[in-house]
Amino acid sequence: MARTIGIDLGTTNCCMSVFEAGHPVVIPNAEGRHTTPSVVAFTADGQTLVGEAAKHQAAANPKGTIRSIKRSMGTDLVLEIGENRLRPEDVSSLILKKLRADAQAWLGDEVGSAVITVPAYFTDDQRQATRRAGELAGLNVLRIINEPTAAALSFGLQKSVDQTLLVYDLGGGTFDVSILEMTGGVLRVVSTAGNNRLGGDDFDRVVAGWIAARFQEQTGRSLDGDPAAEQRVLEAAEAAKIELSDAEQTVIRLPYLATGESGPLHFEAALTRTEFEKMTAHLVHATIELLQDALTAAGMEPYGFDALLLVGGSTRMPAVRAAVKRYISAPVAQGVDPDECVAVGACIQGGILSGDVAGMLLLDVLPMSLGLETVGGGFETIVPRNTALPVSRSRTFTTAVNFQPGVDLKIYQGESPVAANNRFLGKYTFTGIRRAFSGAPRIEVTFYVDVNGILNVTAHDLGSQKELNLTVDCTQPSKAGEDGRPAEGTAQAPSREQVEALLAQAQAQLDRLDPVRDYGRRAALEAAVAKTKKALHGKDLNAALFFGDVLRHELARPDEPTPKPEKPRRSLHLPWKK
Ligand code: AMP
């Protein structure tokens, strides 16, 4: 039977893990290492190199080498290298293909599926691009899970006691912090915060800037516009940074860095840890601010944690460790390998899904709010950040002008009340609204965010009870199937029989739930039951399976009071063809 592996698809390095004889083990790559550099290169003689081989030739072939592609996931960047035109997911898929091939060689077995990790703070489009990369590499992507959550899972498997954890994850290109509670085998994410563009690479760039400035002072020669020299400087900067994690001082030597009028120009300078820490203090400070943000969102104080997990290669920097430990008074978890624990956690999640790991359940949250642009450019949140996943939320909207034939749904993700300041995810156009004065039509928009943190959108005209025609704006990345339901493979749908069994369970649950204390849960369950029944009676099996999945997750929701919100919901106006 084809195997399932866990993959940590890092900005700088990747790692893989698999269950062997009931335990997660790290899979070595073809070179015998536990981590594989996330580097892809196209050589002049037509070879495609991935990993260590690509990293080694980077200085000699800077234009043909791609690093840190994870930073561009979800963007519409197209890289042109020789004959190749590559999107970020194409590059990531080349890395995943190598990982899959190496894992197959090591296991002597086919690898069919994977759980892939992403930074908790990855947006919807970044998650979709990651899933596409996995599929392009021939993998069935069982689940996308968040890196800090995966790290906590690997720690949670070792310690079966109830506890509150804080995961601080500073990798090569991204930073995430997550607060988690482990109770009776259920690992629940309470809050998360982060920055997709903050990581070890930024520390390297600061040191590289320092080297370039010193070199110019010493020789009068600028390195701008010399990619080969810039690449060597960046590599030397990273090496110096890593050395300063152990040593108080390092000497950076770059012979033949450029050529001047009187011959070759060399660089040599000493850098102390104190100087390094001074020039990068703002980056460490930025992570502590986000740590505060996660605490505020969780309504927690910086004390009372049972363990602090330091994850990601950049947490080896003494200044980073000291800053976090100064702020959070909790023991640093021992036995957590910052390079491997994320892949191990991904493999454990694979084990939970396949039944290899019993008695553990993972409940994650949405990292950033999702919502729509309203008339005037405002942002109306539909699913707030840190809401437990999966989640289905509906809102009613209306038209802004008389006889408006359609509405534009512009979907954004972020926290700003101004839509344009958030990340634009895509635009859907709904047409066929009945002729009516402004404010009369009622359009119910439903956002369903699945367990992978991936969004699916549906809309209904409540007046006519018709599903509105949906046109996906093809100039924008498509986020869902043509009918607004999830694209294939978005979630693991239950079978028809399971959907029917779920309906029965849901009815029993509804009978038990209190109309006041459980108002919110009842409303969500009732809506999911109605949609599932409608789809089953309409013989729309795909829709039934989709809503059955919503139902399943509604049933698994923890038993917490969800009373009726105090303020009545307003109808909000949506724009048309701006
Ligand atoms: P990751 O994405 O978790 O593989 O982390 C990679 C980042 O960790 C890169 O920016 C590395 O330069 C950085 N890194 C690895 N080891 C060290 C170290 N000993 N000291 C400082 N940074 C390190």
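Not measured: the values here are computed from a predicted model. Numbering of ligands and ligand atoms starts at 1, following listing order.
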Top protein contact for [atom], by heavy-atom distance:
atom                    : result
atom 2 (O) of ligand 1  : Gly172 N, 3.0 Å
atom 16 (N) of ligand 1 : Arg316 NH1, 3.5 Å
atom 15 (C) of ligand 1 : Gly313 O, 3.7 Å
atom 4 (O) of ligand 1  : Asn13 ND2, 3.5 Å
atom 10 (O) of ligand 1 : Lys241 NZ, 3.1 Å

Applying the side-chain hydrogen bond (donor to acceptor under 3.5 Å, both in side chains) criterion to Ser369, which one of Arg385, Gln413, Glu415 satisfies it?
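So the option named by the test is Glu415.
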
Taking only Lys NZ, Arg NE, NH1 and NH2, and the carboxylate oxygens of Asp or Glu, determine whether [X] and [Y] approach each other closer than 4.0 Å.
X      : Y      : result
Glu230 : Arg205 : no
Glu89  : Arg87  : yes
Lys98  : Glu31  : yes

Those atoms of ligand 1 less than 4.0 Å from some heavy atom in [X]:
X      : value
Gly200 : 10 (O)
Gly312 : 3 (O)
Ser245 : 18 (C), 19 (N), 20 (N), 21 (C)
Glu238 : 9 (C), 11 (C), 12 (O)
Met317 : 21 (C)
Thr12  : 2 (O), 6 (C), 9 (C)

Between ligand 1 and Ile242, can you find any atom pair, the residue atom being a heavy atom, that is separated by under 4.0 Å?
yes

Once the angle between the rings of Tyr256 and His266 is folded into 0 to 90°, is it parallel (under 30°), tilted (30 to 60°) or perpendicular (over 60°)?
perpendicular

Between the side chain of Asn386 and the main-chain N/O of Ala298, is any donor-acceptor distance below 3.5 Å?
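Side chain of Asn386 to backbone of Ala298: no pair is present.
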
Would you check the N or O atoms of Ser314, main chain and side chain alike, for any that come under 3.5 Å of an N or O of ligand 1?
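N/O-N/O distance below 3.5 Å exists for this pair.
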
Spacing of CZ belonging to Phe203 relative to CE belonging to Met279, to within rounding of 0.5 Å
12.0 Å

First locate atom CG of Leu257, then atom CG of Asp226, and finally report the distance between them rounded to the nearest 0.5 Å.
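The CG atom of Leu257 sits 7.5 Å away from the CG atom of Asp226.
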
Any idea which heavy atoms bring Thr12 and Glu238 closest together, and the distance?
CG2-OE2, 4.5 Å

